[in-house]
Amino acid sequence: MYLRAELEANVQSWTQKNFPSLGIGPWIRPCADPRHGHFQTHFPLLAAKQTGGNAREIATRLAEECSPPPGWEKPQIAGGGFVNYRATPNAVARGIENLRKDKAFGIVPNERPETIVVDFSSPNIAKAMHVGHIRSTLLGDTLARLLRRCGNQVIRINHLGDWGTQFGKLLLAYRAAGRPELSNSNAIQQLEEFYKLGHQESESDPAKMELARAELAALQSGDPERKKDWEVFCERSAEHFREIYRRLNVTFDLEKGESTYHEELPGVVEDLLRLKIAEISQGAVVVRNPSISEEPFLIRKSDGAFLYGTTDLAALRSRIRDLHAHRIIYVTDGRQQLHFRWLFDTAHKWNQQGVFEHVWFGTILGSDRKPLKSRDGTPIKLVDLLDEAKDRAKKILLEKRPDLTGQSLEDKAELLGIASLKYADQMPGRNLDYVFTWEKLLAFDGNTAPYILNAYVRTRSILRKAGIETPPYHPIVLKEPAEEELSRHLMQYGDIVALAAQDRRPHHLCGYLFETAGMFHRFFEACPVLQAPTPDLRNSRLTLAGLTGDILRDGLGILGIPTLEEM
RNA sequence: GCGCUGUUAGCUCAAUUGGAUAGAGCAUCUGACUUCGGAUCAGAAGGUUAGAGGUUCAAGUCCUCUACGGCGCACCA
């Protein structure tokens, strides 16, 4: 319990006793303006509104009857019914000493942990990953880590697009070319070209379209030769994905393609028909719900083929039935909102017991403000983006660190480039569309990963110079405003992580870490550590610097950004 | 047409979910150091939160309307 939480507990016990009908809060939040205090509550205003009482009177009672924890100043009443609180430097120092001993840095696990499936990334077989995949991959990865840190059991799933109609066109062109060997180095590029060829041919020639359909049907009914081709496509694609995920350091617990559910699809549709959830309309099988949309949700085409939604229903059921998920979180582009409303609505009618969430993010747009699409335009390949990130980082490193050469230069460039990319992608709120520019995604100045990493490096450098291996535990003494402000800020870490997890919005954590780094830089200017005026102060500042470093590393780690000891 | 979503400083974004005087970065200008790592810090300037009404002690945030973007609306995923 650190600072806010201590005060929260006191205030809650008072509000529970005096105003039980208002719920349990939380009531205490940090002051936006430090002149008012460190923390504030506007509880009296809410209580007055609900009970018809007088806000200032309630504020007075709260201030007088509910004393803050020891070491806090007397609460002050302000405005129409705010109560402001201020912790003394001693109380702050004690809080930091406790936080320093807490291996979780103030992150409190859920009281009721859940098994949560996070479904993210989901690239398509036989296609290169491109910028359109980056947000789902990074957001899903971070959410999985956030939810796990909050005490849940998390299952990360990559739901690969390995069974769509694109395989008919791909097989058509591939087989027409005599099923050539796919080279190790650029198998994906070859596959993309075959697909493009098959697509063009079948779009311009109805007979070819029929052939493509036949290829797909043959594959789906288990023709051995086509099955074998398809397996090669999958294997080669997996190699490509593995390399990207290795560089991004993203992992999955399960990689299950859509093909996994192929056999279950007829049963799903029959089930829904039998339960009168679905009906036949114009030869197709559909689910209706006018409150969602006039148009129905299609789960079987009139030619008998199944769709995206059918596969998703089967996958959803499997996650509940086989993985015992309480909650499934789908991380995709916002354009799929309607699809997921239909999916969740149908799943509930189907009596699938669970909580389903669509965590969506804005579309990545090209410079023309139109979505970057994979078929028209030129989507930037993820490999190229990662390489460019590394190159730009290397240029800056060569300026700042001319002593670096060889492998250590390569390694640092890779780390810094990808760190910047990851941070830039996660820093804006997730429901904004964003226009893709190299400059924005690969910035190294201002609110960026290098700024935060530099603060971390400074914390490590101080400890190194002091001859200390691991961050120490010393009593905390706070003299300067900069160190007190930093200390109070560090104690908000747990609250911010909880907020980011609950909201499924990691950008809160980005903002917090940026502020933390800024406060540390200010502390660094204002408070000499190694040359501190007294040994007690030196020890205190060493401890504070160590703890700041630990929290920066922990927070960046949640965002999937590794730290480095020097840069 | 219906639905979803957005519009905040020149640009890119925040704002603890209805709280007090809307904050950062970039760009511009001015300062600080013979550095516990300058990939830093301090300061200046920059705003009718798209517009108009409404709800209330309090609105960038909620409601209504308008304008302008983006997206989605049966056999693609």
Side-chain angles (χ1 to χ4, degrees), chain A residues 26 29-33 35-36 40-42 45-46 48-49 55 78-82 84 122 124 161 163-166 258 281-286 292-303 305-309 311-312 333-339 341 360 362-363 365 369-371 396-397 399-401 416 424 427-429 431-435 437 439-440 443-448 450-455 457-458 460-466 492 495-496 499-500 503 507-508 510-512 514-515 518 521-522 524-532 538 541-542 545 566-567:
Chain A
R29 57 179 64 179
C31 280
D33 187 337
R35 276 171 299 183
H36 293 128
Q40 59 115 320
T41 183
H42 57 267
L45 288 157
L46 300 174
K49 173 160 257 177
F82 292 93
N84 293 321
S122 311
N124 289 322
W163 205 244
T165 50
Q166 71 268 29
E258 297 171 322
S281 166
Q282 300 175 24
V285 180
V286 303
I292 294 181
S293 156
E294 293 297 315
E295 307 298 338
F297 182 48
L298 213 64
I299 57 172
R300 193 176 74 196
K301 305 197 315 193
S302 49
D303 67 2
F306 302 102
L307 292 122
Y308 185 34
T311 309
D312 273 352
D333 188 288
R335 285 176 289 181
Q336 295 186 41
Q337 284 175 92
L338 186 59
H339 169 76
R341 278 190 71 188
W360 61 271
T363 308
L365 308 173
R369 289 204 62 85
K370 297 236 165 105
I396 291 171
L397 274 168
E399 277 173 35
K400 312 230 177 206
R401 289 289 307 272
L416 283 169
M427 197 257 299
N431 45 4
L432 255 69
D433 288 351
Y434 75 55
V435 177
T437 63
E439 288 65 33
K440 208 194 308 179
F444 296 101
D445 295 325
N447 187 355
T448 62
Y451 178 85
I452 300 169
L453 286 169
N454 185 38
V457 163
R458 282 178 145 185
R460 304 303 295 175
S461 171
I462 289 176
L463 296 189
R464 226 176 12 249
K465 285 244 161 70
Q492 291 179 29
D495 283 342
I496 293 291
L499 176 69
D503 257 10
H507 83 288
H508 287 129
C510 292
Y512 173 83
F514 178 62
E515 283 171 17
H521 284 310
R522 261 165 265 151
F524 185 90
E525 302 279 334
C527 306
V529 178
L530 300 177
Q531 305 298 326
R538 184 178 192 268
R541 287 175 179 173
L542 281 169
E566 39 132 26
M567 62 192 270

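As the structure is a prediction and not an experimental result, all values here were calculated from the model. Lettering follows sequence order; numbering is per chain, from 1.
- RNA chain B is contacted by both Ala284(A) and Leu45(A); Leu45(A) maps to the nucleotide lying nearer its 5′ end (nearest heavy atom per residue).
- In this structure, the CZ atom of Arg335(A) is 10 Å from the P atom of rC73(B), given to the nearest Å.
- Checking the phosphate oxygens (OP1, OP2) of rA42(B), a side-chain nitrogen or oxygen of Arg522(A) falls inside 4.0 Å.
- Across all strands, Cys510(A) comes closer than 4.0 Å to no nucleic acid atom at all (heavy-atom distances).
- Distances from the side chain of Met427(A) to the nucleotides rC76(B), rC41(B), rC13(B) place rC13(B) closest.
- No donor-acceptor contact under 3.5 Å links the side chain of Thr165(A) to the base of rA77(B).
- Counting to the nearest Å, the C1' atom of rA15(B) and the CG atom of Asn447(A) are 14 Å from each other.
- With rG37(B), rC13(B), rG19(B) as the choices, the nucleotide that has an atom nearest any side-chain atom of Tyr434(A) turns out to be rC13(B).
- Stacking between Phe82(A) and rA20(B) is shown: the ring centroid lies under 5.5 Å from the centre of the six-membered base ring, and the planes differ by under 30°.
- Counting any heavy atom pair closer than 4.0 Å across all strands shown, Asp333(A) reaches no nucleic acid atom.
- Looking at heavy-atom distances under 4.0 Å, Gly429(A) makes contact with sugar-phosphate atoms alone, never a base.
- Residue Asn84(A) places a side-chain atom within donor-acceptor reach of the base of rA20(B), judged by atom type and a 3.5 Å distance cut-off alone.
- Taking the six-membered ring where the residue is Trp, Phe514(A) and Tyr451(A) present tilted rings, their angle falling between 30° and 60°.
- Distance, Ile452(A) CD1 to rU40(B) P: 12 Å, rounded to whole Å.
- Of all nucleotides present, only rG54(B) satisfies the Watson-Crick or G-U wobble test against rC62(B), with each distance under 3.5 Å.
- When atom types are taken as modelled, the side chain of Arg300(A) and the backbone of Ala284(A) share no donor-acceptor pair closer than 3.5 angstrom.
- Listed pair Lys440(A) / rU12(B) fails the phosphate criterion, with no side-chain N or O lying under 4.0 Å from OP1 or OP2.
- Here rA67(B) sits opposite rU7(B) as a Watson-Crick or G-U wobble pair (both hydrogen-bonding atom distances under 3.5 Å).
- rA20(B) is unpaired under the Watson-Crick or G-U wobble criterion, no partner having all donor-acceptor distances under 3.5 Å.
- Taking atom CG of Leu499(A) as the reference point, atom P of rU16(B) lies 9 Å away to the nearest angstrom.
- Looking at heavy-atom distances under 4.0 Å, Phe514(A) makes contact with sugar-phosphate atoms alone, never a base.
- Note on Glu515(A): nothing from the nucleic acid sits closer than 4.0 angstrom, heavy atoms only.
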Next item on the list: Take Arg401(A) and Glu566(A), measure what side chain to side chain contact (heavy atoms under 4.5 Å, CB included) needs, and give me the verdict at the end.
Entry: CA-CA 11 Å; Arg401(A) 289 289 307 272; Glu566(A) 39 132 26; 3.6 Å; yes
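- Nucleic acid contact for Glu294(A): none, since no nucleic acid atom lies under 4.0 Å from a heavy atom of the residue.
- We find that OH of Tyr512(A) is positioned 25 Å from P of rC13(B), with the value rounded to whole Å.
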Note to self: Applying side chain to side chain contact (heavy atoms under 4.5 Å, CB included) to Leu463(A) and Leu542(A), what does each step give before you reach the verdict?
What the structure shows: CA-CA 7 Å; Leu463(A) 296 189; Leu542(A) 281 169; 3.9 Å; yes
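- Of all nucleotides listed (rU40(B), rA74(B), rU16(B)), rU40(B) comes nearest to the side chain of Asn454(A).
- With a 3.5 Å ceiling on both atom-pair distances, the Watson-Crick or G-U wobble partner of rA32(B) is rU40(B).
- Rounded to whole Å, atom C1' of rC13(B) lies 13 Å from atom NE2 of His508(A).
- Within the 4.0 angstrom heavy-atom criterion, no nucleotide atom of any strand lies near Gln492(A).
- Under the 6.0 Å cut-off for aromatic ring centres, Tyr308(A) and His339(A) qualify, their centroids lying closer than that.
- rG1(B): Watson-Crick or G-U partner is rC73(B), with both key distances under 3.5 Å.
- Distance, Leu432(A) CG to rC13(B) C1': 8 Å, rounded to whole Å.
- Along RNA chain B, the nucleotide closest to Gly334(A) and the one closest to Val529(A) are compared, and the more 5′ of them pairs with Val529(A).
- With Asp433(A) contributing its side chain and Gly362(A) its backbone, the two residues share no donor-acceptor pair below 3.5 Å.
- Residue Ala78(A) is in base contact, counting any heavy-atom pair closer than 4.0 Å across all strands shown.
- Comparing rG72(B), rG70(B), rU40(B) against the side chain of Glu525(A) picks out rU40(B) as the nearest.
- Residue contacts shown for Pro450(A) include a base, since a base heavy atom lies under 4.0 Å away.
- Here Phe524(A) lies parallel enough and close enough to stack on the base of rC36(B), with planes under 30° and ring centres under 5.5 Å apart.
- Across all strands shown, rU48(B) remains unpaired; no Watson-Crick or G-U wobble contact has both distances below 3.5 Å.
- By the 5.5 angstrom centroid cut-off and the 30-degree plane limit, His507(A) is classified as not stacked against the base of rA14(B).
- When all heavy atoms are compared, the tightest approach of Pro528(A) to Ala532(A) is O-CB, 3.5 Å.
- When distances run from any side-chain atom of Arg401(A) to the nucleotides rA74(B), rU56(B), rG37(B), the shortest one goes to rG37(B).
- Going from atom CG of Asp33(A) over to atom C1' of rU16(B) covers 15 Å, rounded to whole Å.
- In this structure rA15(B) sits in no base pair that meets the Watson-Crick or G-U test at under 3.5 Å.
- In the set rC36(B), rU21(B), rU40(B), the nucleotide with an atom closest to the side chain of Arg35(A) is rU21(B).
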